[in-house]
Amino acid sequence: MRFSTRGKTEGGEKRIGRKFVLSMAVCLLALAVCLVACAPSPAPQGADAGSAPMADTGDDADEGTSFSTAADFTDVSTGMFPDIQRNAEFQNAGNRGCAACHDDLFTLDKNNGTFVHITNQVGMKKGTYNGDCAVCHFQKMGTAGNIMSENLHVRHYSSPEFVNANGNCWSCHVTDTDENGNIVMKLFEDIKYDMRFGGYPNEDETDIHWLERHGWDEGTFTGVIREAEPKLDVQVDQATSSEEDEFNILNFERIDGNDVYAEIEKSVSDGSYRFTVEGVGKPGEYTLDDLKAMPQTEFTAAQYCYVAGYNTAMFDNMPMKGVKLSDFIEAVGGVDAGANTITPIAVDGWTAIYPEGATDLQSYIDNDAVIVLERYGHDLNIAQGGPVEIFVPGTGGTATVKNLVGIKFSKTDNPPRYSDIATPSIEAGALINMNTSWFDNDGVQGKVGQPLTLEGAAWGWTFGDDCNYEVDKILFSLDYGQNWVEVDSPDDFDPYQWTHYTMTWTPEKAGTYIAKAKAVSKTGVEQGVDASIIIQVSE
């Protein structure tokens with residue numbers, strides 16, 4: 001069965017989870033990313049994680065349903081921060097930022113009128129924050145989404161909900177100073193986890209001592225407790241994520257008026273699916289049984305969204321099975337003489353990060369690319385990229401092309417490598433080279449004297465020599481990063497997988513804490529922004 005294809009937008013990915021809920025330190029433009037509309041939106045359409053959900057245009061949705069839970073901005077609140085006047089009347093700490101109005105940006109964005117977002121299922125069952133939107137919608141990186149600053153500012157200020165809730169710039173922003181002492185505006189989420197929140201941007205001992213001398217016993221304006229030498233028991237492993245906690249992306253393209261995902265799913269069920277191969281000794285159409293008859297490789301690898309934000313929900317570690325690209329090439333008679341380029345072709349037209357999908361073949365082989373047929377012990381479903389995807393370990397998800405209908409090998413002058421675009425983007429700070437993610441949301445509850453366990457994982461790009469940030473250790477802090485506890489990632493860990501951790505801590509004092517974590521690579525590079533989480537401890 002053949003399908004019409006046409007190149008359009010995003011690529012495919014996935015991630016893990018658990019059950020609790022980027023700093024683009026730029027001014028007004030970055031704000032947009034955190035604010036997904038307050039205006040009424042249609043009700044969410046539930047999807048079974050194990051099924052192959054089709055996109056709902058939302059045409060029949062109830063336009064009166066809202067995803068906003070906005071409180072009046074003049075009703076001051078301390079939220080998860082200590083209940084003191086500074087946090088209420090001078091910071092309104094509990095009534096600012098995306099989470100003050102929106103429980104989950106992914107759910108909101110996926111069901112925003114007739115628009116269908118490519119994110120199908122968020123990983124780790126955590127809520128998302130603006131950082132998971134920022135890279136696509138602030139930088140506008142070629143295949144990414146539109147720059148949304150204008151859209152979202154207008155949407156909010158034209159929304160009765162936002163206006164009636166007395167929303168204003170400070171509902172979403174904070175003011176700070178830059179290195180020259182100039183006042184700048186930042187997003188609330190970009191500053192709430194730091195000592196900068198409350199007006200002390202240096203985060204040094206001078207600030208802390210001043211605060212202590214003036215009656216702020218914890219050395220912070222917000223009353224957050226700092227513990228310089230926490231007794232932490234941290235265990236690391238490379239456990240796989242559960243299937244129900246996957247992170248999934250689909251383009252949800254409608255091509256020539258047809259739902260191509262429904263078509264490819266039908267072709268699998270009726271046996272008409274064919275995988276077309278060009279530029280090899282044995283070109284032609286291959287069935288799924290043909291692919292399964294080739295040498296199979298079982299492996300586990302982390303999948304990480306190319307444009308994920310720090311402390312992301314777009315992250316997982318999955319067991320998979322398929323044909324290594326090198327074995328596949330041998331099974332189809334080798335590539336034609338001089339062929340140096342690989343172009344995977346998806347049913348929706350996606351071909352990889354480059355416009356025509358022409359990517360250096362040898363770099364894919366060297367990075368152990370696999371034509372994947374199974375995940376978690378069963379055939380890939382459509383949401384997982386089925387019936388066939390190509391997975392390139394150690395890369396962002398754009399190299400992982402889903403819902404394949406074919407693959408082409410050809411000769412190209414100076415074919416680009418994946419790292420040709422990833423490396424300069426990482427060096428420029430547009431992409432994240434290493435990431436650490438807590439699997440819990442802000443507001444984790446603990447009790448004095450009782451062990452509290454949190455978990456998460458760290459991962460770094462490992463694509464060739466130019467883009468190698470294999471995790472060497474993970475650092476943890478409970479005093480705003482003034483002091484760190486180092487935990488090694490063993491040398492025998494698979495660099496293609498994440499380093500999963502469980503951190504057990506027994507608090508000795510009631511109050512609000514902020515735990516931070518960050519990864520360090522084997523070359524000594526530190527993660528750019530800490531992953532932070534708010535913990536509330538009671539007696």
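Only a predicted model underlies this, so the values are computations on that prediction, with no experimental measurement involved.
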Practice item. Could you tell me whether Trp459 and Tyr496 have their ring centroids closer than 6.0 angstrom? Key: no
Sub-6.0 Å ring centroid separation between Trp505 and Tyr513: yes
Check for a donor-acceptor pair, side chain of [X] on one end and backbone N or O of [Y] on the other, with a separation under 3.5 Å.
X: His102; Y: Cys98; value: no
X: Asp488; Y: Pro490; value: no
X: Glu278; Y: Lys408; value: no

(request) Kindly check if the number of other-residue, nucleotide or ligand heavy atoms within 6.0 Å of CD (Gln482) is above 12? (result) yes
Check: Are more than 12 heavy atoms from other residues, nucleotides or ligands located less than 6.0 Å from atom CG of Asn414?
Finding: no
Taking the side chain as C-beta and beyond, is there a heavy-atom pair between [X] and [Y] under 4.5 Å?
X: Asp327; Y: Met294; result: no
X: Ile407; Y: Ile342; result: yes
X: Glu526; Y: Lys518; result: yes
X: Thr400; Y: Glu389; result: yes
X: Lys192; Y: Val174; result: no
X: Ile535; Y: Leu454; result: yes
X: Lys321; Y: Leu373; result: no
X: Asp494; Y: Thr300; result: no

Nearest heavy-atom pair of [X] and [Y]: which atoms, and what distance?
X: Ala302; Y: Asn317; value: N-OD1, 3.0 Å
X: Phe493; Y: Thr499; value: CD2-OG1, 3.8 Å
X: Asp440; Y: Ile533; value: O-CD1, 3.4 Å
X: Trp461; Y: Ile432; value: NE1-O, 2.8 Å
X: Tyr501; Y: Ala517; value: OH-CB, 4.2 Å
X: Pro230; Y: Leu478; value: CB-CD1, 3.5 Å

So, [X] versus [Y]: side-chain donor-acceptor pair below 3.5 Å or not?
X: Ser363; Y: Asp366; result: no
X: Asp360; Y: Tyr418; result: no
X: Glu246; Y: Ser241; result: no

Residues at least two apart in sequence or cross-chain that pass ring-ring contact (aromatic ring centres under 6.0 Å, His included) with Phe188, listed by chain then number, are Phe197
Rounded at 0.5 Å granularity, tell me how far [atom1] in [X] sits from [atom2] in [Y].
X: Leu291; Y: Gln296; atom1: CG; atom2: CD; result: 8.5 Å
X: His378; Y: Asn381; atom1: NE2; atom2: CG; result: 6.0 Å
X: Ser326; Y: Asp368; atom1: OG; atom2: CG; result: 7.5 Å
X: Met185; Y: Ile191; atom1: CE; atom2: CD1; result: 11.0 Å
X: Gln384; Y: Asn403; atom1: CD; atom2: CG; result: 10.5 Å
X: Tyr310; Y: Ser437; atom1: OH; atom2: OG; result: 13.0 Å

- Are Lys473 and Trp484 in a cation-pi setup, meaning NZ or CZ lies under 6.0 angstrom from the ring centre and within 45 degrees of the ring axis? no
Does [X] come within less than 4.0 Å of [Y], counting only side-chain N to carboxylate O?
X: Lys186; Y: Asp194; answer: no
X: Lys292; Y: Glu374; answer: no
X: Asp479; Y: Lys516; answer: no
X: Arg375; Y: Glu243; answer: no
X: Arg417; Y: Asp466; answer: yes

| said: Before you tell me yes or no, could you show the steps for Asp491 and Lys522 under salt bridge (charged side-chain N to carboxylate O under 4.0 Å, His left out), namely the whole-Å CA-CA distance, both residues' side-chain angles and the distance that decides it to 0.1 Å? | reply: CA-CA 10 Å; Asp491 290 337; Lys522 291 189 181 297; 3.2 Å; yes
Paired with Tyr193, the side chain to side chain contact (heavy atoms under 4.5 Å, CB included) test is passed by just one of Ile514, Asn311, Val529, namely Ile514
Per side chain to side chain contact (heavy atoms under 4.5 Å, CB included), Val388 is matched among Leu288, Leu380, Val405 by Leu288
Note to self: Checking Thr436 against Val471 for the side chain to side chain contact (heavy atoms under 4.5 Å, CB included) test, could you report, in this order, the C-alpha distance in whole Å, the side-chain angles of both residues, the deciding distance, and whether it holds?
What the structure shows: CA-CA 10 Å; Thr436 303; Val471 174; over 6 Å; no
In terms of relative ring orientation, are Phe439 and His500 parallel, tilted or perpendicular, with 30° and 60° separating the classes?
tilted
